[in-house]
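Proteins get letters first, then strands, A, B, ... in listed order; numbering begins at 1 in each. Predicted, not measured: the structure shown is a model, and the values here were computed from it.
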Amino acid sequence: MSSSRRQYPFHLIEPKWQKFWESQQTFRAWNPGEKIPSRHPFALRHGADCMCEPGRRPRKCYILDMFPYPSGAGLHVGHPEGYTATDILARYMRARGFHVLHPMGWDAFGLPAEQFAVKTGRHPRQTTAENIATFKRQIQSLGLSYDWSREVDTTDPAYFKWTQWIFLQLYNSWFNPKTNRAEPITMLPAPPDEGAALSDAEREARLRAWRDSKRLAYVTEAPVWWCEQLGTVLANEEVVDGRSHVGGFPVVRRPMRQWMLRITACAGRLLEDLNLVDWSHSLKEMQRNWIGRSEGAEVDFQVAGSPEKIRVFTTRPDTLFGATYIVLAPEHRLVDSITPPAPRVAVARYKADVAKKSDLERTELAREKSGVFTGAYALNPVNGQRIPIWIADYVLATYGTGAIMAVPAHDTRDFEFAKKFDLPVIQVVQPPDADADWRGYTGDGASIHSTGPQVSITGLPTQDAKEKITAWLESKNLGRRAVHYKLRDWLFSRQRYWGEPFPIVWKRDARGGVCHEALPEAALPVLPPELDDYKPTPDGRPPLARAANWVNLPDGSQRETNTMPQWAGSCWYYLRFLNPQNAAAFVDKEAETYWMGPRDAKTPCPAGVDLYVGGAEHAVLHLLYARFWHKVLYDLGHVSTPEPFLKLVNQGMVLGEDNQKMSKSRGNVIAVDAPVREVGTDAFRLYEMFMGPLEMVKPWSTAGVEGVYRFLGRVWRLFVDETSETQFEQAATVARPEDQAGLLDMITLDSAIQDVAPGPPQLKALHGCIRKVTEDIEALRFNTAISALMVFVNEAMTWKTKPVSAMRDFLILLQPFAPHLAGELWSKLQRFTAKTRESAAGMASLSYQPWPVFDPALLVEAEIEVPVQVNGKLRDVVKVPVEAGNAALEAAATASEKVRQFTDGKTIKKIIVVPKKLVNIVAV
RNA sequence: GCCGGUGUGGCGAAAUGGCAGACGCACAGGACUUAAAAUCCUGGGACGGUAAAACGUCGUGCGGGUUCGAGUCCCGCCACCGGCACCA
């Protein structure tokens with residue numbers, strides 16, 4: 001690639017236009033109430049006052065990329081895939097007359113900067129600033145049409161002040177199950193008063209404890225994922241196969257005091273509201289699986305000879321008559337109290353064994369079932385039968401009620417367990433296929449052997465059986481309908497330095513008990529202390545605990561030393577973009593309702609960000625967390641839409657040239673700098689989109705880049721005069737580098753470009769291109785849009801004269817894809833028609849030119865070619881006038897020599913005519 | 001195991017149920033050139049057939065089906081990719 005001659009002077013054109021856009025602030029978006037400079041191209045099109053009056057505001061379009069973590073390695077060719085797609089759409093929507101918000105920023109808290117700091121003692125702020133500078137330089141070299149005046153950085157105190165503020169909203173809220181909404185904690189009904197006369201201190205402590213038990217942000221001592229190498233705990237979502245999501249280090253379970261966010265309270269809404277958004281099927285399914293709703297019943301089993309009851313959760317209440325034993329999770333609270341003396345040693349030993357095993361070992365070990373009989377029995381509520389109570393690690397303490405009724409006949413795990421320990425297996429479901437083995441059959445069927453003294457479901461199909469038995473349980477107060485979710489509360493604290501400190505202090509209440517308290521809003525932002533050493537303390541407390549001056553406050557209280565996880569900043573950045581400099585609020589109300597509101601009357605509820613593009617790796621982490629925060633903010637009246645992201649698209653991964661995932665260890669990572677230097681950013685952007693459909697995984701190809709680069713060279717030669725270019729090159733070789741860009745004006749238009757009306761074939765080529773490019777951009781099919789541009793250029797290369805109007809429209813179509821080249825050629829075309837240089841410069845902003853409108857009448861031809869099939873096989877193509885009816889088509893088809901060869905000697909049974917499309921003759 | 005996605009030339013890929021392979025890469029031949037690069041033109045799914053054509057047969061992971069007609073719709077498999085995984 002490097003040896004080939006430069007196709008066109010992109011190395012001068014691209015910086016020229018990037019500087020122009022920057023100086024003109026071409027892509028600036030304006031908030032309600034802002035007056036737009038009258039010479040700004042947006043004002044020229046929409047009016048300088050258009051944002052001042054609610055009724056005149058242009059339709060908005062919010063197009064968002066997932067902002068990157070600025071790593072030290074810089075951008076590789078995978079990053080700009082999504083950025084290019086959104087940029088094309090942003091530029092297209094501007095041309096369509098929308099007011100486009102297209103921002104970029106940095107998700108800059110995170111582990112790598114902190115680990116680097118631990119190693120070198122350099123403040124993470126320094127490395128973060130350097131990495132942001134690298135990322136910004138690289139992203140800006142791509143000519144993406146971001147409004148850089150709205151840049152945000154999650155590590156900027158002016159930003160994380162509001163992250164902490166949102167945390168306070170969560171802390172000061174509870175979830176009201178009656179309204180299914182988050183509400184201020186002050187609206188929580190008082191704790192049930194047991195009538196005892198309480199001292200003020202006791203009353204206050206009770207109220208505090210009651211509220212603390214309901215807050216959306218709460219403290220708990222819980223077994224958590226601890227990663228020794230990272231020196232911190234991780235959320236469930238950050239642990240993959242017993243290893244850390246970042247770094248791949250082993251993790252273990254360990255009990256620790258932690259901050260949690262009560263995301264489970266929102267599980268139902270997070271699930272249901274997926275119906276409101278326009279996301280891919282697979283992404284919605286991933287979220288649904290993660291939330292993991294199951295519908296069933298809770299059933300209480302009386303423990304024999306004990307006042308205790310064991311509550312189990314089952315999705316198959318219809319199989320109650322087949323329950324032959326109960327299994328508790330080893331950690332279940334009743335295990336010790338129900339176990340009689342004799343088996344205690346065995347039970348304790350089993351519990352200890354399980355506790356010792358990390359979850360990694362548990363999952364890696366063969367699925368051989370293990371467990372111990374507790375010696376206790378429970379009574380089956382449907383028939384009073386005594387069934388043994390076991391403990392086993394295949395029952396998880398963290399799901400359902402931590403206890404199950406085992407129905408070995410119709411559950412795979414229970415069946416394995418029963419076989420191993422020789423427990424009875426009773427059939428209660430008859431499979432529809434009479435020959436099928438009922439042992440281990442888990443599907444639906446009809447209940448059998450399911451009649452007790454008070455209730456019978458024998459003979460009922462599974463669905464009806466479930467209904468009837470659940471109703472009966474409810475009527476006897478033995479059980480109830482229940483829904484359980486796999487989703488767990490969100491572990492929200494980290495033992496790290498480089499994150500947002502919690503706006504929380506610990507103090508003693510009137511009775512001397514330790515309690516937490518929110519700092520007032522005026523205390524925000526809470527800045528992290530300066531440290532020399534970013535490691536945890538020797539006794540295992542978080543790094544912030546090293547700063548005694550910071551931790552200990554004058555009034556004797558102490559600051560929380562945990563910090564928030566990286567997800568915190570990315571949970572709401574799309575809202576800060578709306579109003580990033582606001583010092584008085586996290587976002588201005590009017591800006592929020594404008595930018596997050598419906599795009600136009602056709603937008604379905606719930607509006608929000610119009611298009612959000614990013615990698616599938618965030619399917620359950622970022623996207624679930626951000627939705628949760630958004631819903632809480634919505635309930636509290638801070639935002640106007642129930643969902644943040646209306647349409648979401650995951651771009652497919654870009655693989656290395658070897659068809660493997662790009663990774664440092666494989667050595668197949670392709671950085672953006674080299675291709676951009678060699679073919680320019682327009683060709684680079686074009687190739688990113690030409691590789692294949694946005695959502696597909698696809699390999700990078702250096703040769704493929706060369707192909708689209710050649711295409712842009714063809715576009716260049718379609719417009720410019722060859723002689724003038726040669727003169728330019730001669731002049732440029734002797735000019736100083738800083739003077740070269742000025743010489744671009746030496747290049748003149750090809751003399752074949754003339755101010756003449758386009759002929760019918762030219763209009764046909766142009767409008768075919770307009771239609772295809774428009775439809776394809778709307779559907780995010782950028783690869784086929786580009787091929788349509790190529791088809792047009794191939795055709796236009798053959799034209800003797802090139803009408804200015806057609807060439808101008810083509811440049812508007814090209815502009816979203818190759819904005820620098822299009823801008824340069826556009827400015828030359830303006831000069832062609834403009835009387836003076838001044839007016840040409842004023843008109844030079846291609847970015848706000850109205851998108852051309854496709855005229856279907858221009859695509860109609862006098863004659864059309866219609867394929868003719870015999871028995872479904874293509875035999876001929878006949879030419880007919882476009883107005884030919886079905887009868888004429890049929891006549892032309894049957895008249896064809898070639899067709900006759902295949903129909904002679906046969907009887908024509910039927911002739912199918914698709915108007916103007918096809919004829920198929922059925923002959924036997 | 002469960003959920004989702006994808007299988008089309010040498011390669012990346014196109015095709016509202018209606019001419020399979022648009023567009024591009026790589027390749028081959030030609031023009032220009034002292035030569036090369038660049039550029040421009042031409043060619044191409046496979047097999048058979050022909051001097052070359054005409055032409056014929058087959059062809060979208062595999063096996064069935066629906067249909068005048070299937071890459072596309074339905075049923076059953078296989079492979080690969082992504083996610084979840086003892087979730088009651």
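In this view, D411(A) and R413(A) satisfy the side chain to side chain donor-acceptor pair (under 3.5 Å) rule, not counting sequence neighbours. For D721(A), the side-chain contact (heavy atoms from CB on, under 4.5 Å) partners two or more places apart in sequence, or in a different chain, are T723(A), S724(A), T748(A). With sequence neighbours left out, R781(A) forms a salt bridge (charged side-chain N to carboxylate O under 4.0 Å, His left out) with D776(A). Shown here are the ring-ring contact (aromatic ring centres under 6.0 Å, His included) partners of F902(A), two or more places apart in sequence or in another chain: there are none. For K420(A), the side chain to side chain donor-acceptor pair (under 3.5 Å) test picks out E368(A), with sequence neighbours left out.
Judged by atom type and distance alone, K369(A) reaches the base of C86(B) through a side-chain donor-acceptor pair under 3.5 Å.
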Identify all pairs in which a protein N or O lies below 3.5 Å from an N or O of nucleotides 43-48 of chain B, and state each distance.
none

Identify all pairs in which a protein N or O lies below 3.5 Å from an N or O of nucleotides 53-57 of chain B, and state each distance.
unit_1 : atom_1 : unit_2  : atom_2 : d
U57(B) : OP2    : R875(A) : NH1    : 3.3

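In A54(B) the O4'-C1'-N dihedral to the base is within 90° of 0, which defines a syn nucleotide. With its glycosidic angle more than 90° from 0, G82(B) adopts the anti conformation.
Protein atom CD of E729(A) is 12 Å distant from nucleotide atom C1' of A38(B), rounded to whole Å. Whole-Å rounding puts the E722(A) CD to A38(B) P distance at 16 Å. Atom CD of E285(A) is separated from atom P of U6(B) by 14 Å (rounded to the nearest Å). Between the CD atom of Q660(A) and the P atom of C80(B) there is a distance of 14 Å, given to the nearest Å. Look at CG on L487(A): it is 12 Å from P on A85(B), rounded to the nearest Å. At whole-Å resolution of the value, CG in N289(A) and P in A85(B) are 10 Å apart. Atom CZ of F415(A) is separated from atom P of G1(B) by 18 Å (rounded to the nearest Å). One interatomic measurement links the two molecules: CG of L648(A) to C1' of G4(B), which rounds to 16 Å at whole-angstrom precision.
The separation of A26(B) from C11(B), taken at their C1' atoms, amounts to 7 Å, rounded to a whole angstrom. If you take atom P in G59(B) and the same atom in G69(B), they sit 15 Å apart, rounded to whole Å. Going from the P atom of A14(B) to that of A37(B) covers 32 Å, rounded to whole Å. Spacing between U34(B) and C25(B) at atom C1', rounded to whole Å, works out to 31 Å. Distance check on atom C1': C32(B) versus A36(B) gives 12 Å, rounded to whole Å. Taking the P atoms as reference points, C3(B) lies 12 Å from C77(B), given to the whole Å. To the nearest whole angstrom, the two P atoms, one in C81(B) and one in U8(B), are 15 Å apart. Comparing the C1' positions of C78(B) and C62(B) gives a spacing of 7 Å, expressed to the nearest Å.
Of the charged side-chain nitrogens involved, none lies within less than 4.0 Å of a carboxylate oxygen, so that R666(A) and D658(A) do not count as a salt-bridged pair. Between R6(A) and E729(A) there is no salt bridge, since no side-chain nitrogen of the basic residue lies less than 4.0 Å from a carboxylate oxygen of the acidic one.
At G82(B), none of the side-chain N or O atoms of S282(A) fall inside 4.0 Å of OP1 or OP2 (strictly under the cut-off). Under 4.0 angstrom from either OP1 or OP2 of C40(B) there lies at least one side-chain N or O belonging to R717(A).
Cation-pi geometry between K369(A) and F421(A) is not met: the NZ or CZ atom fails to fall both under 6.0 Å from the ring centre and inside 45° of the normal.
Relative ring orientation between Y8(A) and Y709(A) is described as tilted, the plane-to-plane angle lying within the 30° to 60° band. Using the six-membered ring where Trp is involved, Y325(A) and W390(A) have ring planes that are perpendicular, over 60° apart on the 30 and 60° scheme. The aromatic rings of Y394(A) and F417(A) are tilted relative to each other, their planes meeting at an angle between 30° and 60°. Below 30°, between 30° and 60°, or above 60°: for F792(A) and W799(A) the angle between ring planes is above 60°, a perpendicular geometry.
Residue contacts for E695(A): at a heavy-atom cut-off of 4.0 Å it reaches no nucleic acid atom on any strand shown. Here H281(A) lies in heavy-atom contact (under 4.0 Å) with sugar-phosphate atoms only. Nucleic acid contact for S280(A): none, since no nucleic acid atom lies under 4.0 Å from a heavy atom of the residue.
Nearest-nucleotide positions on RNA chain B for L283(A) and A616(A) put L283(A) closer to the 5' end.
A stem is defined here as three or more consecutive Watson-Crick or G-U pairs, each with both distances under 3.5 Å; for RNA chain B these stems are B:1-7 with B:78-84, B:10-12 with B:23-25, B:27-31 with B:39-43, B:45-48 with B:55-58, B:61-65 with B:73-77.
Contacts between residues 315-329 of chain A and RNA chain B, defined by a heavy-atom separation below 4.0 Å, involve T315(A), listed by number.
To the nearest 0.5 Å, the span separating CZ on F817(A) from CZ on F782(A) amounts to 6.5 Å. Within the model, atoms CG of L334(A) and CD1 of I391(A) stand 12.5 Å from one another, a figure rounded to the nearest 0.5 Å.
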Nucleotide by nucleotide, nucleotides 11-32 of chain B touches protein heavy atoms under 4.0 Å in the pattern (B base, S sugar-phosphate only, - none) -BSS-B-BB--BBSSS------
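When all heavy atoms of H410(A) and V428(A) are compared, the pair lying nearest together is NE2-N, 3.0 Å. In terms of heavy-atom proximity, V613(A) sits nearest to G82(A) at CG1-CA, 3.8 Å.
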What side-chain donor-acceptor pairs closer than 3.5 Å can you find for residues 863-878 of chain A, not counting sequence neighbours?
unit_1  : atom_1 : unit_2  : atom_2 : d
N871(A) : OD1    : A923(A) : N      : 2.9
N871(A) : ND2    : A923(A) : O      : 3.0
D876(A) : OD2    : S896(A) : OG     : 2.7

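Sorted by first then second residue, the salt bridge (charged side-chain N to carboxylate O under 4.0 Å, His left out) pairs that include residues 280-296 of chain A, not counting sequence neighbours, are E285(A)-R288(A), R293(A)-E295(A).
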